[in-house]
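Labels below follow one simple rule: chain letters A, B, ... track the order of the sequence lines, proteins then strands, and each chain is numbered from 1. Computation of the quantities below employed the complete heavy-atom set of this structure, encompassing side-chain atoms and omitting hydrogens, waters and symmetry-equivalent molecules.
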Amino acid sequence: MPELPEVENIAMGLRQSILGRPIDKVACFSPVIIKGSRSEQWQSFLATFAGRSITSVTRRAKRLILATTDQRALVFQLGMTGKFLLKQRSDDRHKHTHLVFSFPGDQELHYVDTRRFGRLWLFDCLDPQHPDAAMEAEGMGSLGPEALRLTSNRFHALLDSQRSIKTLLLDQTRLTGLGNIYADESLFASGIHPARSSRRIGSEEATTLLRQIKGVLRRAIRAGGTTFSDFENAYGDIGRFRKRLKVYGRQGEPCRSCGGPIERIVLAGRGTHICPRCQPQDP
DNA sequence: ATTTCATCCTGGAGGC
DNA sequence: TGCCTCCAGGATGAAA
């Protein structure tokens with residue numbers, strides 16, 4: 001499930017593998033994944049990539065932006081299982097390959113998304129450094145600030161809501177980048193119970209939580225992300241952060257801090273992993 | 001206005 | 001073995 005660290009690693013891989021390389025052709029086998037005002041003309045839009053190259057690969061929130069020098073852009077929201085894989089022309093195409101970029105020399109880049117929760121938007125003009133207004137105009141929804149760029153004052157102000165702190169951390173209109181794994185990990189690292197009311201998090205706790213969020217995200221980026229079910233980067237590498245997870249997916253196993261059993265509860269419809277001793281409900 | 005909830009989709013797990 | 005049911009999970013849009 002690509003969250004910020006996984007998308008960041010995908011972006012780094014694509015910069016190494018396809019940046020500046022002329023494209024022979026972009027083919028789409030599942031136009032249903034294409035959204036936005038240009039989706040009806042997807043064939044003519046994708047045809048314009050022939051002979052051109054991707055000159056910019058950037059990340060905004062969990063979205064991946066591939067852009068040309070004249071700011072024509074593809075924006076991918078990878079959903080649960082979206083990924084890119086480098087292939088040879090002779091390789092078998094995956095059952096759920098939706099898009100194929102062909103490069104000279106028989107190399108291909110496949111966009112694969114098993115569960116098809118991922119979406120692709122087409123842009124005639126998008127500044128990859130400042131994409132927010134254009135993306136919003138295309139109906140992609142508004143995005144909060146990047147988790148890694150937040151200051152603690154601004155973060156504390158964002159917490160003014162009666163929802164639970166975990167629900168808030170997952171709300172991409174408040175802050176962007178966290179998904180289920182890193183929300184649970186950050187809350188554990190901060191000793192905060194995920195069901196606690198967001199607005200009852202004090203400024204000191206908020207500072208701690210933000211520091212832990214950034215630390216968890218940075219370590220996960222360095223480790224190549226987390227592979228839980230099927231994340232892999234363009235080269236087929238899996239993420240090494242999984243073995244460093246402290247609560248996510250560890251229900252029944254001993255807490256690495258106090259030794260007590262990790263529990264799994266359901267919060268906001270999401271599996272939520274806690275150490276009840278290290279994360280008291282009523283601090 | 002704010003918050004909750006069903007929906008999308010497939011493969012893997014578990015029951016029998 | 002194989003069939004069946006259940007479930008995870010990000011984002012969205014409708015409902016409360």
Taking the six-membered ring of A:F29, is NZ or CZ of A:R93 closer than 6.0 Å to its centre and within 45° of its axis? yes
Find out whether the Lys NZ or Arg CZ of A:R72 is both under 6.0 angstrom from the six-membered ring centre of A:F45 and within 45° of the ring's axis. yes
Whole-Å gap separating [atom2] ([N]) and [atom1] ([X]):
X: A:L120; N: C:dG10; atom1: CG; atom2: P; value: 20 Å
X: A:H273; N: C:dG9; atom1: NE2; atom2: C1'; value: 11 Å
X: A:K166; N: C:dG10; atom1: NZ; atom2: C1'; value: 12 Å
X: A:L168; N: B:dT3; atom1: CG; atom2: P; value: 9 Å
X: A:L175; N: C:dG10; atom1: CG; atom2: C1'; value: 15 Å
X: A:K35; N: C:dG10; atom1: NZ; atom2: C1'; value: 15 Å
X: A:H94; N: B:dT10; atom1: NE2; atom2: P; value: 12 Å
X: A:R115; N: C:dG9; atom1: CZ; atom2: P; value: 9 Å

For a side chain to side chain donor-acceptor pair (under 3.5 Å) with A:T176, tell me which candidate from A:R60, A:K62, A:E3 qualifies. A:R60
Which is true for A:Y248 with a 4.0 Å heavy-atom rule: it touches a base, it touches only sugar-phosphate, or it touches nothing? sugar-phosphate
Sugar-phosphate, base or nothing in reach of A:K95, heavy atoms under 4.0 Å: sugar-phosphate
So, OP1 or OP2 of [N]: does either fall under 4.0 Å of a side-chain N or O from [X]?
X: A:R264; N: C:dA8; value: yes
X: A:T81; N: B:dT10; value: no
X: A:H96; N: B:dC9; value: no

What one-letter contact string describes nucleotides 11-16 of chain C from 5' to 3', where B marks a base within less than 4.0 Å of any protein heavy atom, S marks contact via sugar-phosphate atoms alone, and - marks no contact? BS----
Using a strict threshold of under 4.0 Å (side-chain N to carboxylate O), is an ion pair present between A:K87 and A:D92? no
SB check A:E253 A:R250 (cutoff 4.0 Å): yes
Taking A:V112 as the starting point, is it possible to reach A:F76 by hopping between hydrophobic residues whose side chains are less than 4.5 Å apart?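 Shared cluster, no.
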Closest listed nucleotide, where the reference is the side chain of A:R116 and the choices are C:dG10, B:dT10, B:dT3: B:dT10
Side-chain atoms of A:N180 come closest, of C:dG10, B:dT3, B:dT10, to C:dG10
Side chains of A:H98 and A:D113: donor-acceptor distance under 3.5 Å anywhere? no
